[in-house]
Amino acid sequence: MTSADFQGQAPDVARALIGATLLVDGVGGVIVETEAYDASEPAAHTHRGETPRNRAMFGPPGHAYVYRSYGLHWCLNFVCREAGHGAGVLIRALRPTEGLPDMRQRRGQQDERLLCAGPGRVGQALGITLAHYGLPLDRAPFQVLAPAEAGQAPVRSGPRIGISKAQQLPWRFGWADSPYLSRRF
DNA sequence: AAGTAGATGTTCT
DNA sequence: GAACATCTACTTA
């Protein structure tokens, strides 16, 4: 995918990413769950302005925003909209297709369904660290491949997980009934 | 199956 | 200090 694919509103990009393939150093799979975040809405890291942590989300779209969740987990986002806005899409779950032995080793987990079912698990399985912070998504080590037939994945939406603000926004998107979701819809 | 505790870095009050 | 875009291990049933 090209940087133009990330220039839409965060919920539109989040929906369009379901069914796309994400690889980091050749390891990854098909995106089955995402969440949209936007500076205009209080659950977003960017809502209160730019900080050292969220700086990448105020940069150009089509780049990686990586943050440490609960002091423990590395989570990966795709920056979207336009530079300066502070919007992004959290990658919450994949259906593993490439590099399963690497992911099993990194996760210490044999069950394929639990390799990438949650944003912290995706980060660990793909080896995401601060070294990926701000990197463009259209060059190594990243590969983001569009869905085989755009818009054909059976997408469902609902409230985002693990937030206390703006819970009414249905900005979580997922491949309906996939066994690789972090939670059922 | 469901609930709880505990791990811990960054940001905010 | 408290909250937080989370996960695991352990308890209780």
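Every chain is numbered from 1, with letters handed out A, B, ... down the list of sequences.
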Check the side chains of A:Glu33 and A:Tyr180 for a donor-acceptor pair under 3.5 angstrom, ignoring hydrogens and angles. no
So, A:Arg106 versus A:Gln124: side-chain donor-acceptor pair below 3.5 Å or not? no
Under a 4.5 Å cut-off applied to non-hydrogen side-chain atoms, are A:Tyr37 and A:His45 in contact? no
Side chains of A:Val24 and A:Phe142: does their closest heavy-atom pair fall under 4.5 Å? yes
Rounding to an integer number of Å, can you tell me how far [X] [atom1] sits from [N] [atom2]?
X: A:His73; N: B:dA7; atom1: NE2; atom2: C1'; result: 8 Å
X: A:Tyr67; N: C:dA3; atom1: OH; atom2: P; result: 18 Å
X: A:Asp38; N: C:dA5; atom1: CG; atom2: P; result: 15 Å
X: A:Ile128; N: C:dT6; atom1: CD1; atom2: P; result: 17 Å
X: A:Phe78; N: C:dA5; atom1: CZ; atom2: C1'; result: 16 Å
X: A:Leu90; N: C:dC4; atom1: CG; atom2: C1'; result: 13 Å
X: A:Lys165; N: C:dC4; atom1: NZ; atom2: C1'; result: 8 Å
X: A:Leu115; N: C:dT6; atom1: CG; atom2: P; result: 19 Å

If you look at every strand shown and take non-hydrogen atoms under 4.0 Å, does A:Arg172 touch a base, only sugar-phosphate, or nothing? nothing
If we take the P atom in both B:dT13 and C:dA5, what is their distance in whole Å? 13 Å
Name of the residue among A:Val30, A:Leu115, A:Ile31, A:Leu181 meeting side-chain contact (heavy atoms from CB on, under 4.5 Å) with A:Arg95: A:Val30
Can you tell me which residue among A:Leu17, A:Asn77, A:Asp12 is in a side-chain contact (heavy atoms from CB on, under 4.5 Å) with A:Val89? A:Leu17
Pick the nucleotide of DNA chain C nearest each of A:Arg107 and A:Gly162; which residue has the one closer to the 5' end? A:Gly162
Position toward the 5' end of DNA chain C (nearest nucleotide), A:Gln109 or A:Ser164: A:Ser164
Taking the cut-offs as 6.0 angstrom to the six-membered ring centre and 45 degrees off its axis, would you call A:Arg55 and A:Tyr133 a cation-pi pair? no
Do nucleotides 8-13 of chain B as a string where each nucleotide becomes B, S or -: B if the base has a protein heavy atom under 4.0 Å, S if just the sugar-phosphate does, - if no protein is that close. BBSSS-
Checking A:Trp74 against A:Leu130 for the side-chain contact (heavy atoms from CB on, under 4.5 Å) test, could you report, in this order, the C-alpha distance in whole Å, the side-chain angles of both residues, the deciding distance, and whether it holds? CA-CA 8 Å; A:Trp74 294 109; A:Leu130 271 191; 3.5 Å; yes
How is the base pairing of DNA chain C summarised as a dot-bracket string, given the Watson-Crick and G-U wobble criteria with both distances under 3.5 Å, [ ] for crossing and | for another strand? ||||.|||||||.
So how far is it from A:Arg172 CZ to A:Ile161 CD1, rounded to the nearest 0.5 Å? 3.5 Å
